[in-house]
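Contents: one structure, followed by commentary.
In the text below, chain A, chain B and the rest are named by the order of the sequence lines, each starting its count at 1. The figures that follow rest on heavy atoms only: side chains count, while hydrogens, waters and symmetry mates do not. Note that the structure is a prediction, hence the values are computed from the model and not measured.
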Amino acid sequence: MVAVIALAVGVVLGLVFEPSVPLALQPYLPIAVVAALDAVFGGIRAKLDGIFDDKQFVVSFVSNVLVAALIVFLGDKLGVGGQLSTGVVVVLGVRIFGNVAGIRRRLFRA
Amino acid sequence: MNEHHDTGTGWPDEPAHPEPEAGPATEPPAEPAAAAVRDPEPVRDSEPEAEPAGTDWDVDGTAGEPEPEPAAGNAPAEPAPARSRISTAGAVIGLLLVLLGFAFVIQLRSNSTDEQLSTARPEDLVRILSDLDARKDRLSQEITQLQATQQQLAAGSQGRAAALDAAARRARDLGILAGTLPAQGPGIQFRFVSGTQPLKAALILDAVEELRDAGAEAMEIDGGNGVAVRIVASSWFVDADSGIEVDGHTLSGPWWLTAIGDPPTMQTALNIPGGVVDNVHSAGGTVIVNQPGTVRISALHQTGSPRYAQPAS
């Protein structure tokens, strides 16, 4: 419940302030968002499985975001930023799909 | 190892579901995905096992209970959130989710408003730039071609206009010579007045011939009865009962003969001894010369198409 409210608050803040993304962050923000989404889905699944842990969630959230951004950063420095960010998105997408599959099984027993 | 073990414990009831529902089709994707998914979770599960004694998790999550049942994996998580939801961990989670929502919306907005260029990578920008350069080159080539075409067309239209102009000027010249257009210019007027006997048409014809020799370019004869006839190359003069007949029109005297040309030359031509003026005088008539400066010839000659002559090139 708190999580949903917090998410809604974030969305509202974003809509209200309409900030522009700093130039330096522009390549990393989308990847970071996807990584965070992965962590959130993992958290939801853990919650449904009954093994949710606050610290675990925070650590995985932050590390997901940082690692994803770091990979993209390294990719940019190595000249393969586009390919690496694609790879990160693919991996995170697979994980999100897996998490959603787990949630689905938990919720619908199917 | 832990992961697999945990995965195994985390899934005990699940393998039962995929098998009846879809069998191998769903299982292969599900299991690697599950393995990957477990990344966050295994850490979670492994923590209690690896460090059963320490970490704030223990502080938050009732140090005593989770440790006895770390193998189960589910048990430690349940008491922990229950008490720490209002604590710092819950606040941090809320903050993170606020950030997530915030960043999500920002990204959505910037992605929809920006035209992808500001977020594009340098190599993409270079490619786009080179594409645009190539396109610009093609377009400037096209501009050059079109300008050349336009110049050609303009030159063509200028040439056509010039030809049209020349043709019109030539048509005007020929019209004046053929008597189909009115003309004006420096000229002279002679008035032929009969004496006791009417003047012969041959005298008028002589005068016309003399004027032609003197360079008259357009001539017109006006009769006393108000009939005006343009004198052209084919004009003929015949004596008539009441004066003379020119090109089928009967003109009574006195006659005004108007000619455009060099006035002194024409006057001299008629005044030479034994010339037209002398002949008129000997015939009992008189010639009155009038030099008004600019004369206007407005009588027109009606021409038809030649019946026999064809243009030869």
Side-chain angles (χ1 to χ4, degrees), chain A residues 2-15 17-21 23 26-27 29-30 32-33 36-43 45-47 49-64 76 79 81-82 91 94-99 101-102 105-106 109-110, chain B residues 10-11 14 17-18 21 26 29-30 32-41 43-45 47-48 55-57 60-61 73-78 80-81 84-85 87-90 92-111 114 118-119 121-124:
Chain A
V2 175
V4 173
I5 291 172
L7 206 57
V9 167
V11 168
V12 169
L13 281 182
L15 286 176
F17 288 110
E18 291 190 24
S20 60
V21 188
L23 197 63
Q26 277 179 350
L29 188 61
V33 167
L37 279 180
D38 170 48
V40 168
F41 277 109
R45 178 175 177 182
K47 187 86 178 171
D49 284 347
I51 53 172
F52 183 79
D53 173 58
D54 291 353
K55 184 192 165 200
Q56 179 69 43
F57 177 77
V58 170
V59 169
S60 76
F61 187 103
V62 173
S63 70
N64 259 6
D76 270 342
V91 169
V94 167
R95 286 173 52 110
I96 290 175
F97 263 104
N99 280 331
R105 288 202 184 88
R106 186 53 76 169
R109 304 269 160 209
Chain B
W11 285 85
E14 279 150 25
H17 298 297
E21 90 180 353
T26 51
V37 164
R38 287 308 147 102
D39 287 352
E41 292 160 17
V43 189
R44 212 173 288 153
D45 293 338
E47 269 166 17
T55 76
D56 26 334
W57 178 82
D60 291 343
N74 298 2
E78 280 161 355
S84 65
R85 181 152 293 166
S87 74
T88 53
V92 171
I93 292 178
L95 186 64
L96 287 179
L97 288 173
V98 167
L99 274 178
L100 171 62
F102 192 62
F104 191 75
V105 171
I106 292 175
Q107 181 59 26
L108 280 186
R109 293 220 151 210
S110 73
N111 223 21
D114 289 8
S118 55
T119 57
R121 294 174 187 289
E123 53 265 36
D124 292 342

### Task
Mind listing the closest non-hydrogen atom pair of Gly94(B) and Ala6(A) along with its distance?
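Heavy atoms of Gly94(B) and Ala6(A) come nearest at O-CB, 3.4 Å.
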### Task
Compare every heavy atom of Leu29(A) with every heavy atom of Ala103(B), then report the nearest pair and how far apart it is.
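Here Ala103(B) and Leu29(A) meet closest at CB-CD1, 3.7 Å.
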### Query
For Val58(A), is it the side chain, the backbone, both, or neither that has a heavy atom closer than 4.5 Å to a heavy atom of chain B?
both
### Task
Go through Leu96(B), Leu99(B), Leu95(B), Val92(B) and name the one with the most non-hydrogen pairs under 4.5 angstrom from chain A.
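Ranked by heavy-atom pairs under 4.5 Å with chain A, first place is Leu96(B).
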### Query
Considering only heavy atoms, which portion of Val105(B) lies under 4.5 Å from any heavy atom of chain A: side chain, backbone, both, or neither?
side chain
### Task
Rounded to the nearest 0.5 Å, what's the gap from CD1 on Ile93(B) to NZ on Lys55(A)? Could you check?
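These two atoms lie 12.5 Å from each other.
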### Task
Count the heavy atoms belonging to other residues, nucleotides or ligands that lie under 6.0 Å from CZ of Phe104(B), then report whether that count exceeds 12.
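Not more than 12 within 6.0 Å, no.
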